[in-house]
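Model, not experiment: these values are computed from the prediction.
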Amino acid sequence: MSIKNEQLFTNVHPQSVIGRIIQFPITRILIVALFIVPFLLFHNNVIANLIASSSGLFHSLLVNADAVVSIVIFMLLYSLYVRFIEKRKAYEISKEKSIVEFGWGILISFVLVGFMVLLMSLLGYYRVIQLDSPQIIIDSLFFFGMGAFLQVLAFRVVLFRLFEELLGSWFAFVLVATIFSVAHIQNPNSGLWSTLALIITDIMLLAAF
């Protein structure tokens, strides 16, 4: 199914001043936050602390289950926002063809990251020191997968989509990619080149979206 840009915009065309204020894209960014942030705060201050108190294999299982359940809840909350505020179907997180697209996404990511690792290895910047338990890889996929999902939800599904509705695609590309790179400027070892790389990376991800 092909989805057009306008299908991702609000389906409400209000006549009243209050209605127009609610449907203004900047206002809707705040409204999305009202749907999502309460659960995020509850998760980070209650659920995360409970998981942190566990240990061993049980801790690993809790981390992985938490990632899956949290992603489902965030998608549900976003769907509720779209349904009640924008009065449309949430095409951007539709289940249709999701498994196939997820598979392609994993494959493309594996190829891209694998190519960069190979390139760094050939240039002498990357080498394997030791191999640890495969469980570390599994746990990392779930843990960082939830973080990646939240980034996509915040920067692409919410910010880019609403800024695109307000400003058009090209301005939204530049604005959101810049916001994305600035949000990571406090990361360890960040600098000018890493910031520029993040801008280019985010433009690629936005273009895919």
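Annotation for Met120: atom CE counts as buried by contact number, over 12 foreign heavy atoms lying within 6.0 Å. More than 12 heavy-atom neighbours from other residues, nucleotides or ligands sit within 6.0 angstrom of CG on Leu50. Within a 6.0 Å radius of CD1 in Ile99, no more than 12 heavy atoms belonging to other residues, nucleotides or ligands are found. The number of heavy-atom neighbours closer than 6.0 Å to CZ of Phe39, taken from other residues, nucleotides and ligands shown, is above 12.
The main-chain N or O of Leu41 is found under 3.5 Å from a side-chain atom of Asn45 such that the two form a donor-acceptor pair. Not a single donor-acceptor pair under 3.5 Å links the side chain of His43 to the backbone N or O of Ala48. Side-chain atoms of Ser70 never come within 3.5 Å of backbone atoms of Ala67 as a donor-acceptor pair (strictly under, hydrogens ignored). No donor-acceptor pair closer than 3.5 Å links the side chain of Asp202 to the backbone N or O of Leu198.
Annotation for Val174 and Thr178: closest pair O-OG1, 2.7 Å, computed over non-hydrogen atoms. The two residues Phe163 and Ala172 make their nearest non-hydrogen contact at C-CB, 3.9 Å. Residues Phe9 and Arg161 come closest through the heavy atom pair CE2-O, 3.8 Å.
Using cut-offs of 30° and 60° for the angle between ring planes, the Phe180 and Phe155 rings count as perpendicular.
For the pair Asn189/Ser194, no side-chain contact is recorded, criterion being any heavy-atom separation below 4.5 Å from C-beta on. Contact annotation: the side chain of Met75 approaches that of Phe149 to within less than 4.5 Å [non-hydrogen atoms, C-beta and beyond]. The side-chain heavy atoms of Glu96 and Tyr91, taken from C-beta on, include no pair separated by under 4.5 Å.
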Inset, instruction - Start with the C-alpha gap between Leu166 and Phe24, add the side-chain angles, then the distance that decides, and say whether side-chain contact (heavy atoms from CB on, under 4.5 Å) holds. - result: CA-CA 8 Å; Leu166 177 66; Phe24 188 64; 3.7 Å; yes

Legend entry - side-chain contact (heavy atoms from CB on, under 4.5 Å) between Ile51 and Leu62, intermediate numbers included: CA-CA 6 Å; Ile51 294 175; Leu62 282 179; 4.2 Å; yes

Inset, instruction - Apply side-chain contact (heavy atoms from CB on, under 4.5 Å) to Val82 and Tyr78, showing your working. - result: CA-CA 6 Å; Val82 170; Tyr78 179 78; 3.5 Å; yes

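Applying the side-chain hydrogen bond (donor to acceptor under 3.5 Å, both in side chains) definition to pairs two or more places apart or across chains, those involving residues 10-35 are Thr10-Gln23, Arg28-Glu86, Arg28-Glu165.
Separating the CD1 atom in Ile26 from the CG atom in Leu162 is a distance of 8.0 Å, to the nearest 0.5 Å. Remark: Asn64 CG to Ser140 OG distance equals 9.5 Å, nearest 0.5 Å. How far OG1 of Thr201 is from CG of Leu206: 10.5 Å, rounded to the nearest 0.5 Å. Once rounded to the nearest 0.5 Å, the distance linking CZ of Phe74 with CG of Leu40 reads 4.5 Å. The CG atom of Leu80 sits 10.0 Å away from the CD1 atom of Ile36 when rounded to the nearest 0.5 Å. Distance check, rounded to the nearest 0.5 Å: CG of Asp66 to CD1 of Ile71 gives 9.5 Å.
If you chain together hydrophobic residues whose side chains sit under 4.5 Å apart, Trp104 and Phe115 never meet in one group.
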